[in-house]
*Asks:* 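Quick one: the structure is below, and I'll ask about it shortly.
Predicted model only: the values in this text are computed from it and were never measured.
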Amino acid sequence: MKFGIQEIQPYEAADGIIYHADTCLPLIDAFKRKKLKFKALARHTYPGDRLDDNTLGLNSIGYWDANEPQDWGLDWHRNEGIEFHFLESGSMPYAQENKEIMLTPNHLTITRPWEAHKVGDPNIGMGKLYWVIIDLGVRRPHQDWVWPEWITLTPSDLTRLTTILRQNEKSIIKTDKRFRDCFIRINKTINTDENGSNASRIRLLINYLLILLLDILNTDDIVLNESLTDSSRSVRFFLKELEKNLSEHWTIELMAQSAGVGLTRFTHHCRRLTNLTPMRYLTMKRLEMSKGILIKNPNITIAEVAYTCGFTTSQYFATVFKKHEKCSPNEYRLKHLVADDLSPT
């Protein structure tokens, strides 16, 4: 198994935004420590033998086989494409957005590019887990999906599958023997691939997987909801992510770009969702973060608090803070420290 990464540079998606692929470092480390079997074909910074240009759009396809207790897991992350997991045997803790489940044999998961997910609680279980990640040129719910050219479903079937996957939030499906057989064939194909020798078989099997997926979703009681593809949902996802990246040097242009929408539409949706302009919302979130740090970390300087929360200077931070809290950051800290000292224990 090769772990040398040939494509380590960030790459540009169809919407013009730059993304960095995941590296799956805990998995690599576990494999090197001989904790499990692992085989994958991949591109970008995903681990595995390199995929060639015959499967452009396929970012990673592979499996791990853990037959002893594991001491690692894959924490919350997103992928550069839609990902399908399939558990052939064993059990595996899995969480996606607000859903948590113990995967059992024949469970298939569907993870859209904007959906955070993790495998392990905190460690993975013993089992054989497959994955397929296909880049559709999108990172946000409202963007139009572009499947790789080698996907051979008829236009009507592909449109139907895309609509179902975009307009519902079903993400965990109990499948049947056909799916298991498909992934077992995927197992054999990637195990015997040498420098792209099985590219045709890989393309065929992924197309078959999509046909099976369309079949099972079409016969299920899937409720479609067009609002799931609205650009306001993309802005909502961005605002949720923003809270974890407040220290970045955001401008309104960068925020709109990261949300994947135009500046005017981004501002409109932000106002409707928060009742604030984007920059004011950013400031309020930074102030909220700073108050927590001031109280919980009394030894951190005001300048360090300012930079941690994304303010350009400590002076600007102090000015904005006093305007909103009617006291300086130091006064706010002292007031709360005194209150804590006086509170009954």
Side-chain angles (χ1 to χ4, degrees), residues 10-22 44 59 76-83 96-98 110-117 134-147 162-163 165-169 171 224-292 306-313 316-317 319-321 323-324:
Y11 63 100
E12 186 171 337
D15 55 13
I17 302 175
I18 302 299
Y19 292 91
H20 299 261
D22 296 332
H44 306 307
N59 280 354
W76 291 103
H77 63 285
R78 294 181 178 85
N79 289 310
E80 293 67 38
I82 188 167
E83 179 172 27
Q96 180 175 321
E97 299 295 338
N98 297 319
I110 305 169
T111 313
R112 290 82 174 171
W114 51 86
E115 293 176 322
H117 58 289
I134 305 172
D135 196 333
L136 305 172
V138 301
R139 298 298 179 269
R140 299 296 180 184
H142 74 284
Q143 295 167 333
D144 292 332
W145 290 18
V146 180
W147 292 88
T162 303
T163 301
L165 292 174
R166 291 186 67 196
Q167 295 185 12
N168 89 93
E169 295 182 296
S171 58
L224 300 183
N225 181 359
E226 289 187 19
S227 68
L228 295 178
T229 63
D230 190 83
S231 56
S232 65
R233 189 164 180 249
S234 296
V235 174
R236 189 180 299 113
F237 271 104
F238 167 75
L239 293 176
K240 183 179 179 181
E241 296 164 6
L242 180 66
E243 296 183 17
K244 300 177 183 178
N245 297 279
L246 294 172
S247 62
E248 299 292 326
H249 298 300
W250 291 108
T251 64
I252 189 171
E253 291 81 8
L254 285 175
M255 287 192 284
Q257 185 183 52
S258 185
V261 299
L263 185 59
T264 301
R265 185 172 293 273
F266 175 74
T267 302
H268 167 75
H269 287 315
C270 186
R271 279 183 174 275
R272 292 198 65 182
L273 292 168
T274 69
N275 200 36
L276 299 170
T277 64
M279 296 309 294
R280 182 166 175 77
Y281 178 80
L282 175 64
T283 298
M284 299 306 293
K285 285 297 177 181
R286 284 173 168 171
L287 286 174
E288 184 179 317
M289 179 183 181
S290 73
K291 289 189 287 184
Y307 299 142
T308 299
C309 298
F311 291 96
T312 52
T313 66
Y316 177 64
F317 167 57
T319 299
V320 174
F321 192 96
K323 178 180 178 181
H324 286 274

*Asks:* Over all heavy atoms of both residues, which pair between Arg140 and Ala259 is shortest? Give the atoms and the distance, please.
*Replies:* CG-O, 3.2 Å

*Asks:* List for me each residue that meets salt bridge (Lys or Arg N to Asp or Glu O under 4.0 Å) alongside Glu83, sequence neighbours excluded, and say none if there are none.
*Replies:* none

*Asks:* Side chains of Asn59 and Asn79, heavy atoms from C-beta outward: is any pair under 4.5 Å?
*Replies:*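 Not touching, per the 4.5 Å side-chain cut-off.
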
*Asks:* Within a strict 4.5 Å, meaning less than it, do heavy atoms of the Glu241 and Arg78 side chains meet?
*Replies:* yes

*Asks:* Check salt bridge (Lys or Arg N to Asp or Glu O under 4.0 Å) between Glu243 and all other residues, then give those that pass, not counting sequence neighbours.
*Replies:* Lys285

*Asks:* With rounding to the nearest 0.5 angstrom, report the CG to OG distance, Leu165 to Ser171.
*Replies:*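 The distance works out to 11.5 Å.
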
*Asks:* Restricting to non-hydrogen atoms, name the atom on Val261 and the atom on Ser231 that form the minimum distance, rounded to 0.1 Å.
*Replies:* CG1-CB, 3.9 Å

*Asks:* Would you please name every residue forming a side-chain contact (heavy atoms from CB on, under 4.5 Å) with Ser290, sequence neighbours left out?
*Replies:*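 side-chain contact (heavy atoms from CB on, under 4.5 Å) list for Ser290, sorted by chain: Leu287, Val305, Cys309, Phe317, Phe321.
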
*Asks:* If you take all heavy atoms of Thr283 and Phe311, which pair is closest and at what distance?
*Replies:* O-CZ, 4.5 Å

*Asks:* Less than 4.5 Å apart, any side-chain heavy atom of Leu136 and any of Pro113?
*Replies:* no

*Asks:* Nearest heavy-atom pair of His117 and Thr111: which atoms, and what distance?
*Replies:* ND1-CG2, 3.2 Å

*Asks:* How far does CG of Leu263 sit from CE of Met255, to the nearest 0.5 angstrom?
*Replies:*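 Between Leu263 CG and Met255 CE, I get 9.0 Å after rounding to 0.5 Å.
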
*Asks:* Run the side-chain hydrogen bond (donor to acceptor under 3.5 Å, both in side chains) test against Thr229 and tell me which residues pass, sequence neighbours left out.
*Replies:*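 Thr229 satisfies side-chain hydrogen bond (donor to acceptor under 3.5 Å, both in side chains) with no other residue.
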
*Asks:* Using the test side-chain hydrogen bond (donor to acceptor under 3.5 Å, both in side chains), find all partners of Thr264 that sit at least two apart in sequence or belong to another chain.
*Replies:* none

*Asks:* Residues two or more places apart in sequence or in another chain: which of them pass side-chain contact (heavy atoms from CB on, under 4.5 Å) with Asp144?
*Replies:*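 For Asp144, the residues satisfying side-chain contact (heavy atoms from CB on, under 4.5 Å) (neighbours in sequence not counted) are Arg166.
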
*Asks:* With sequence neighbours left out, write down each residue that passes side-chain hydrogen bond (donor to acceptor under 3.5 Å, both in side chains) with Thr162, or none if nothing qualifies.
*Replies:*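 For Thr162, the residues satisfying side-chain hydrogen bond (donor to acceptor under 3.5 Å, both in side chains) (neighbours in sequence not counted) are Trp147.
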
*Asks:* Where do Trp114 and Glu97 come nearest, in terms of heavy atoms and distance?
*Replies:*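 Heavy atoms of Trp114 and Glu97 come nearest at O-OE2, 3.7 Å.
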
*Asks:* Out of curiosity, Asp135 CG to His44 NE2, how far, rounded to the nearest 0.5 Å?
*Replies:*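 So the CG of Asp135 and the NE2 of His44 are separated by 6.0 Å.
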
*Asks:* Please enumerate all residues that pass side-chain contact (heavy atoms from CB on, under 4.5 Å) together with Thr313, with sequence neighbours excluded.
*Replies:*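 Testing Thr313 for side-chain contact (heavy atoms from CB on, under 4.5 Å), a comparison that skips the adjacent residues, returns Gln315, Tyr316.
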
*Asks:* Taking side-chain hydrogen bond (donor to acceptor under 3.5 Å, both in side chains) as the test, write out the residues that go with Arg233, two or more places apart.
*Replies:* Glu169

*Asks:* Quick one: pull up CZ in Arg139 and CZ in Phe237 and give me the separation to the nearest 0.5 Å.
*Replies:* 14.5 Å

*Asks:* Listed by chain and number, what are the salt bridge (Lys or Arg N to Asp or Glu O under 4.0 Å) partners of Lys291, not counting sequence neighbours?
*Replies:* Glu325

*Asks:* Partners of Arg280 by side-chain contact (heavy atoms from CB on, under 4.5 Å), sequence neighbours excluded?
*Replies:* Leu276, Thr277, Met284, His324

*Asks:* Can you tell me which residue pairs pass the ring-ring contact (aromatic ring centres under 6.0 Å, His included) test with a partner in residues 258-285, sequence neighbours excluded?
*Replies:* Phe238-Phe266

*Asks:* Kindly compute the distance separating OG1 (Thr163) from CG (Leu224), expressed to the nearest 0.5 Å.
*Replies:* 7.5 Å

*Asks:* Supply the atom-to-atom distance Leu242 CG to Leu282 CG, rounded to the nearest 0.5 angstrom.
*Replies:*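 With rounding to 0.5 Å, CG (Leu242) is 5.5 Å from CG (Leu282).
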
*Asks:* So, does Trp250 use its side chain to make a donor-acceptor pair with the main chain of Gly310 at under 3.5 Å?
*Replies:*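 Absent.
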
*Asks:* Can you see which heavy atom on Cys270 is nearest to which on Leu239, and at what distance?
*Replies:*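 The pair with the smallest heavy-atom distance is SG-CD2, 4.3 Å.
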
